[in-house]
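Since the structure comes first, as structure tokens, the remarks are kept for the end.
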Amino acid sequence: MVRLVGTLDRQTAGAVREDLLTCLADRAEPVAVDVSAVRIADIVAVRVASDVAATVEHWPAGGFVITAPPAGTGRLWSATGVTVVAGQRVAGYELVPASPSGGTLPDGEATSAPLGLDLLPVAGAARRARELVTDGCARWDVPHLTGPACVAITEMVNNVVVHAGTAMSVRVAYRNGTLRLSVRDGSADLPRLRGPVPPTALGGRGMLLVDAVARRWGGTPISGGKLTWATIEATDDRRGGV
């Protein structure tokens with residue numbers, strides 16, 4: 001549960017966005033956002049909820065619901081497209097999956113308990129990340145996703161080791177046929193595709209490899225650094241970075 005307190009306007013919406021993204025980057029489980037103590041000074045600022053929802057759509061993050069909107073504001077929050085629950089207790093919703101076999105999100109979407117690992121930027125970090133991915137694919141009975149997912153997570157972690165040089169958090173989740181990977185680090189430099197790499201070059205292919213195996217991938221600035229994410233779907237040929 002996250003509780004927002006204060007006035008929501010165009011100036012404070014930016015801080016709300018950053019705080020929610022940071023929270024969702026750290027927790028792959030769904031989050032309930034209590035807005036009972038929020039005073040809306042500018043109805044345009046409420047759109048921050050839909051912006052956050054769109055940003056985390058492909059993250060391992062389980063998303064969020066809005067709870068306990070003050071009287072007269074429920075329709076404003078509902079207009080963002082985010083699920084709104086009237087009371088502070090999220091009755092009827094299983095926000096946190098009870099077991100690795102899965103649970104249910106507010107909209108009925110099948111989900112599974114996420115896996116996470118904190119790593120230092122040292123040799124062997126990518127190997128430990130691959131072990132996490134392999135474990136997840138075995139738990140969720142999707143062994144066919146292990147190969148491409150290991151390629152993606154290896155390059156994402158190695159980018160942190162080589163370029164960022166900071167501690168990192170790796171998250172893996174499986175939801176509705178999609179394996180979702182993320183790596184959070186302390187560098188603000190976002191991942192990007194580079195130009196053609198000479199065959200003799202020893203590096204520079206990291207995001208090219210991610211782009212080759214992931215349906216979607218991207219990078220999002222968050223407090224203290226960034227989060228790089230990728231989704232893996234073995235049955236989907238529409239792949240590319242965004």
Side-chain angles (χ1 to χ4, degrees), residues 24-31 53-64 94-119 124-162 168-185 190-193 205-220 226-242:
L24 291 167
D26 289 335
R27 292 180 57 83
E29 299 88 350
V31 172
T55 300
V56 305
E57 178 183 1
H58 303 298
W59 293 11
F64 64 99
E94 186 185 350
L95 282 178
V96 181
S99 71
S101 61
T104 304
L105 291 181
D107 59 2
E109 182 181 1
T111 186
S112 56
L115 301 177
L117 184 64
D118 295 329
L119 298 171
R127 174 183 54 78
R128 293 190 61 193
R130 287 193 298 272
E131 291 172 350
L132 183 75
V133 167
T134 301
D135 181 27
C137 289
R139 291 189 187 201
W140 304 321
D141 195 26
V142 286
H144 54 290
L145 300 184
T146 304
C150 282
V151 170
I153 204 68
T154 295
E155 299 307 324
M156 292 161 68
V157 168
N158 280 342
N159 274 352
V160 178
V161 174
V162 174
M168 71 192 89
S169 296
V170 179
R171 299 288 182 267
V172 184
Y174 182 71
R175 197 158 65 245
N176 278 13
T178 301
L179 192 67
R180 301 158 190 261
L181 316 172
S182 73
V183 179
R184 180 184 179 184
D185 65 72
L190 295 177
R192 60 187 179 89
L193 285 176
R205 300 179 180 86
M207 298 316 297
L208 288 172
L209 290 172
V210 174
D211 187 67
V213 299
R215 179 184 179 187
R216 297 184 179 93
W217 62 269
T220 306
K226 68 175 177 296
L227 182 139
T228 303
W229 57 268
T231 63
I232 306 295
E233 295 187 39
T235 59
D236 197 336
D237 293 330
R238 296 171 297 171
R239 297 171 179 171
V242 296

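Values below: all heavy atoms of this structure, side chains included; hydrogens, waters and symmetry mates excluded. If you're wondering where the values come from, they're calculated on a predicted model, not measured in any experiment.
- Between Glu233 and Thr178, the shortest heavy-atom contact is OE2-OG1, 2.9 Å.
- Nearest heavy atoms, Trp217 versus Asp211: NE1-OD1, 2.9 Å.
- Two residues are said to be in side-chain contact when any heavy atoms from C-beta on lie closer than 4.5 Å; Pro114 and Arg180 fail this criterion.
- Here Thr134 pairs with Thr146, Cys150 under the side chain to side chain contact (heavy atoms under 4.5 Å, CB included) rule; sequence neighbours left out.
- Within the 4.5 Å cutoff, the side chain of Arg171 has no heavy atoms near those of the Trp59 side chain.
- For the pair Arg216 (side chain) and Trp229 (backbone), a donor-acceptor distance under 3.5 Å is absent.
- Taking 4.5 Å as the limit, every side-chain heavy atom of Asn159 sits out of range of all side-chain heavy atoms of Thr228.
- How far CG of Leu145 is from CH2 of Trp140: 10.0 Å, rounded to the nearest 0.5 Å.
- To the nearest 0.5 Å, atom NE2 of residue His144 and atom CD1 of residue Ile232 are 11.0 Å apart.
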Can you give me every donor-acceptor pair (side chain of residues 124-132, partner residue at least two apart or in another chain, under 3.5 Å) with its distance?
from, atom 1, to, atom 2, distance (Å)
Arg127, NH1, Glu131, OE2, 3.0
Arg130, NH1, Thr154, OG1, 3.0

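- Put simply, CG on Leu190 and OG1 on Thr220 are 7.5 Å apart, with the number rounded to the nearest 0.5 Å.
- Contact of the Met168 side chain with the Val161 side chain is registered, since non-hydrogen atoms from C-beta on lie closer than 4.5 Å.
- Closest approach of Gly63 to Leu24, counting heavy atoms only: O-CD2, 3.7 Å.
- The heavy-atom pair separating Ala214 from Ala230 by the smallest distance is CB-CB, 4.1 Å.
- Scored by the side chain to side chain contact (heavy atoms under 4.5 Å, CB included) test, Val151 finds Leu209, Val213 as partners (sequence neighbours excluded).
- In this view, Ser169 and Asp118 satisfy the side-chain hydrogen bond (donor to acceptor under 3.5 Å, both in side chains) rule, not counting sequence neighbours.
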